[in-house]
Amino acid sequence: MPIHNADIAAIFEEIADLLEIQDANPFRVRAYRNAARAMGELGRDVKSLLEHDGKLPKLPGIGTDLDAKIHEIVETGKCALLERLHKELPPAITELLKIPGLGPKRVKALYHDLDVQTLEQLLRAARDGRIRALHGFGEKTERNILDAIESHINQARRFKLVVAAQYADTLITYLGKASGVKRVVVAGSFRRMRETVGDLDILVTADADSKVMDHFTAYDEIAEILSHGPTRSSVVLKSGLQVDVRVVNEESYGSALHYFTGSKSHNIAVRKLALARGLKINEYGVFKGQTRIAGETEESVYHTVGLPYIPPELREDRGELEIARAGHLPHLIELADLKGDLHAHTKATDGRNTLKEMALAAKAMGFEYLAITEHSRHLTVAHGLDPQRLVKQIDEIDRLNEELQGVTLLKGIEVDILEDGSLDLPDSVLARLDLVVGAVHSQFALSRTKQTERILRAMAHPYFTILAHPTGRLIDQREPYDVDMLRIIREAKKRGCYLELNAHPERLDLLDTQCQMAKEEGVLVSINSDAHNTLDFSNLRFGIGQARRGWLEKQDVLNTRTLKALLPLLKATM
DNA sequence: GCCGTTTTCGGCCCGACTGTTTTCAGTCG
């Protein structure tokens, strides 16, 4: 069985769960969770790294023991510690931890006292009223467990950023209407621009006598109130989205925003820095003994631990603290840096608007240029262009450009990369274009080797300019196809072509860690809307968020270039 | 299990809310 990073991460997570149920040292448990996270986020494939170099680079949180376990898993596909734990505890028991309200202590009690090992057994025990009899459990806990199991089955897991944004906008307006409310801001993974969010974390500053929590829990989209306190409340909306609201007074705004934005591991790292300086950080401020020394702004919090302000998108404990301390934080790209968009469709294929309407919408975005890149004939469902229709569009664009003021349409194509790596249109017509965007739209299940070779062969084509949505994943719908992204990026560097970060909210493809990889290898990324109508340009903000999570700066992005600077870059091949 | 501008041993972020308890453990973020 091929071992991927995610497999190693899953093994470490399971070990952490089982150790926790065994009441092991919580810091040992954390070490395994950190290692799982490190594996999940690593931009390089561990197996191929080991095959190539024979050892792993030094990774934070991976010491001698975990390093040996990674070797063991890669070489044998198994981990002796996990096998031992499986003998000591029933394997399915980690499923029980997924039930909200059940942590390791309660799972352990349920197993020892009631021999509950599976969700089915848990359900039966709750229905029979056996749980309430356990020490530390009661009638209400039993009821909650029962409810949680039932909703666990058809529970919505994570929400795409674009969907969460819609709920956030209306809720912010609603909360702002409560008396005494000063500021309402969404923190959490939403503010860090993660591609999906599990819940909305909203921070409110308000006068001490504000009734904002009562106002919040009276919101008419609420399906269930999970908790309701004076400073913190949690609810589930009818949509299934959980919302947590936290209220602090105005002087704690910065420290509370920092705390509530996370990520959890970033916060832990910052608080450790504070400890080393004899300081304590909590959501109310930074304290030296009993004295509060900072907290009005996030800048003030970072300042107390000797750091500059770190943008939310970087707060993932992926080395940002060290880089910040050294004064080398990137100046992250912003939406206003984009000078154009290099991937868009019109009515000629599966888009909704005309060439002119798209051009004017791009101009309204402040863009100098917009590339029209229709699908090619192989993608019949999208009414892809054959050579004749593409030539016709080329002529139309030439005519329209003479008429347009302040914006230029570029002639392109989103050409299908066929299974053998050839392109879906002949050279004779591709030669007439300003750029060729290549895309995989079929045969997603090829082996890693074949899929990689297919894409490399397409990129070797002299007219190839940009690889569209390089992993092919659709968030929550379709897994990425299996490719060696590092090889693709290195080949792009050699060939002088580029990778797309597709900003469509269902794609957000390249992934953030792959953006970092492209940057390290010196390959420019093109942040494109893949617009199918004039409104889709607004999705670029999600692409910008993803790019910022990938540490990209203005100079790392192809379409921050002016038209004049861009054109030679599009022509640079081989 | 990891790690070191006090350290190779002894620490490891910090607080709110719930439910069960009668002063606090467990869970969560």
Side-chain angles (χ1 to χ4, degrees), chain A residues 12 15-16 19-21 23-38 58-70 81 96-110 131-145 148 187-190 192 197-203 213 217 225-235 242-248 252 255-256 258-287 295 301 305-306 317 321-322 325:
Chain A
F12 286 162
I15 289 174
L19 284 174
E20 208 167 19
I21 294 169
D23 207 14
N25 180 343
F27 300 102
R28 185 179 172 212
V29 173
R30 183 190 290 170
Y32 279 99
R33 297 218 190 280
N34 285 342
R37 196 175 66 94
K58 178 72 194 97
L59 297 169
I62 309 286
T64 323
D65 183 274
L66 284 167
D67 186 75
K69 286 197 170 65
I70 293 169
L81 172 60
L96 302 183
L97 290 173
K98 298 200 177 94
I99 302 298
L102 284 191
K105 299 289 191 303
R106 285 178 173 161
V107 167
K108 186 182 181 185
L110 288 164
I131 291 176
R132 69 182 72 177
L134 291 182
H135 180 74
F137 291 75
E139 213 169 310
K140 198 144 186 186
T141 305
E142 184 178 78
R143 178 80 240 155
N144 288 344
I145 289 174
S189 51
F190 184 90
R192 302 199 314 277
V197 299
D199 59 12
L200 282 180
D201 300 305
I202 300 181
L203 177 66
M213 278 311 187
T217 50
I225 297 173
L226 300 174
S227 67
H228 181 182
T231 67
R232 175 175 211 140
S233 299
S234 293
V235 307
Q242 183 173 327
V243 182
D244 300 335
V245 170
R246 186 72 190 255
V247 182
V248 297
S252 295
S255 42
H258 181 258
Y259 154 72
F260 221 17
T261 295
S263 66
K264 185 174 177 162
S265 48
H266 174 88
N267 286 355
I268 289 174
V270 171
R271 287 177 177 190
K272 276 165 86 171
L273 287 182
L275 269 181
R277 292 168 173 245
L279 304 173
K280 183 178 78 168
I281 297 183
N282 60 27
E283 51 266 59
Y284 301 110
V286 183
F287 296 86
V301 175
V305 293
D317 194 24
L321 294 184
E322 293 73 16
R325 182 160 42 228

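Letters A, B, ... mirror the listed sequences (proteins, then strands); counts begin at 1. Small disclaimer: the values here were computed from a predicted structure and weren't measured. Computed over heavy atoms, backbone and side chain alike; hydrogens, waters and symmetry mates excluded.
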*For B:dG15, does OP1 or OP2 lie under 4.0 Å from any side-chain N or O of A:Asn282?*
yes

_Integer-rounded Å distance: B:dC2 C1' and A:Tyr32 OH_ = 11 Å

*Could you give the distance from CG (A:Asn144) to CG (A:Leu226), rounded to the nearest 0.5 Å?*
9.5 Å

*Atom-to-atom span, CG of A:Asp65 to C1' of B:dC3 - whole angstrom*: 14 Å

_Counter-base of B:dT8, judged by Watson-Crick or G-U geometry with both distances under 3.5 Å_ = none

*Considering all heavy atoms of both residues, which atom of A:Lys108 and which atom of A:Asp23 are nearest to each other, and what is their separation?*
NZ-CB, 3.9 Å

*Given the P atoms of B:dT6 and B:dC12, what is the spacing between them in whole Å?*
15 Å

*Any sub-3.5 Å donor-acceptor pair from A:Asn267's side-chain atoms to A:Tyr259's backbone N or O?*
yes

*Starting at CG of A:Asn267 and ending at C1' of B:dC12, how long is that distance when rounded to a whole Å?*
16 Å

*How far does the P atom of B:dT8 sit from the matching atom of B:dA16, given to the nearest Å?*
35 Å

_Can you check the distance between B:dG29 and B:dT23, where both ends of the measurement are the C1' atom (answer in whole Å)?_
24 Å

*Sugar-phosphate only, base, or nothing, as touched by A:Thr64 at under 4.0 Å among non-hydrogen atoms*: sugar-phosphate

*Does B:dG11 have OP1 or OP2 sitting under 4.0 Å from an N or O in the side chain of A:Lys272?*
no

_Suppose you measure atom P in B:dG19 against the same atom in B:dG11; what distance do you get, rounded to whole Å?_
36 Å

*Between A:Ile281 and A:Leu59, which has a closest nucleotide on DNA chain B that is more 5'?*
A:Leu59

*A:Glu20/A:Arg33 salt bridge by N-O under 4.0 Å criterion*: yes

*Which heavy atom in A:Val301 sits nearest to a heavy atom in A:Gly295, and how many Å separate them?*
CG2-CA, 4.1 Å

*Find the distance A:Ile225:CD1 to B:dG19:P and express it as a whole number of Å.*
13 Å

*Rounding to a whole Å, what distance do you find between A:Glu322:CD and B:dG4:P?*
10 Å

_Main chain of A:Ile131, side chain of A:Glu142: is a donor-acceptor contact present, judged purely on distance under 3.5 Å?_
yes

*Under 4.0 Å between a side-chain N/O of A:Asn144 and OP1 or OP2 of B:dG19, yes or no?*
yes

*Consider the side chain of A:His228, meaning its heavy atoms from C-beta on, and name the nucleotide among B:dG15, B:dC12, B:dT18 that approaches it most closely.*
B:dT18

_Between P of B:dG11 and CZ of A:Arg30, the distance in whole Å_ = 15 Å

*Verify the contact: side-chain N or O of A:Arg277 to OP1 or OP2 of B:dT5, cut-off strictly under 4.0 Å; return yes or no.*
no

_Separation between CG of A:Asn34 and CG of A:Leu59, rounded to the nearest 0.5 Å_ = 12.0 Å

*Take nucleotides 20-29 of chain B nucleotide by nucleotide from the 5' end and write B, S or -, depending on whether a protein heavy atom sits under 4.0 Å from the base, only from the sugar-phosphate, or from neither.*
SS----SSSB

*When the distance from CG of A:Leu66 to P of B:dC2 is rounded to whole Å, what number comes out?*
4 Å

_As a test of understanding, state which of A:Lys264, A:Arg37, A:His266 forms a side chain to side chain donor-acceptor pair (under 3.5 Å) with A:Asp317._
A:Arg37

*Do the side chain of A:Ser252 and the main chain of A:Ser255 share a donor and acceptor less than 3.5 angstrom apart?*
no

*Once you round it to whole Å, what is the distance between C1' of B:dC13 and CZ of A:Arg33?*
17 Å

*Could you give the distance separating B:dC9 and B:dG15 at their P atoms, to the nearest angstrom?*
31 Å

*In whole Å, what separates the P atom of B:dC13 from that of B:dT18?*
26 Å

_Closest-nucleotide 5' rank along DNA chain B - winner of A:Lys69 and A:Pro230_ = A:Lys69

*asked:* Please give the distance between the C1' atoms of B:dT5 and B:dG1 as a whole number of Å.
replied: 24 Å

_Can you check the distance between B:dG10 and B:dC17, where both ends of the measurement are the P atom (answer in whole Å)?_
37 Å

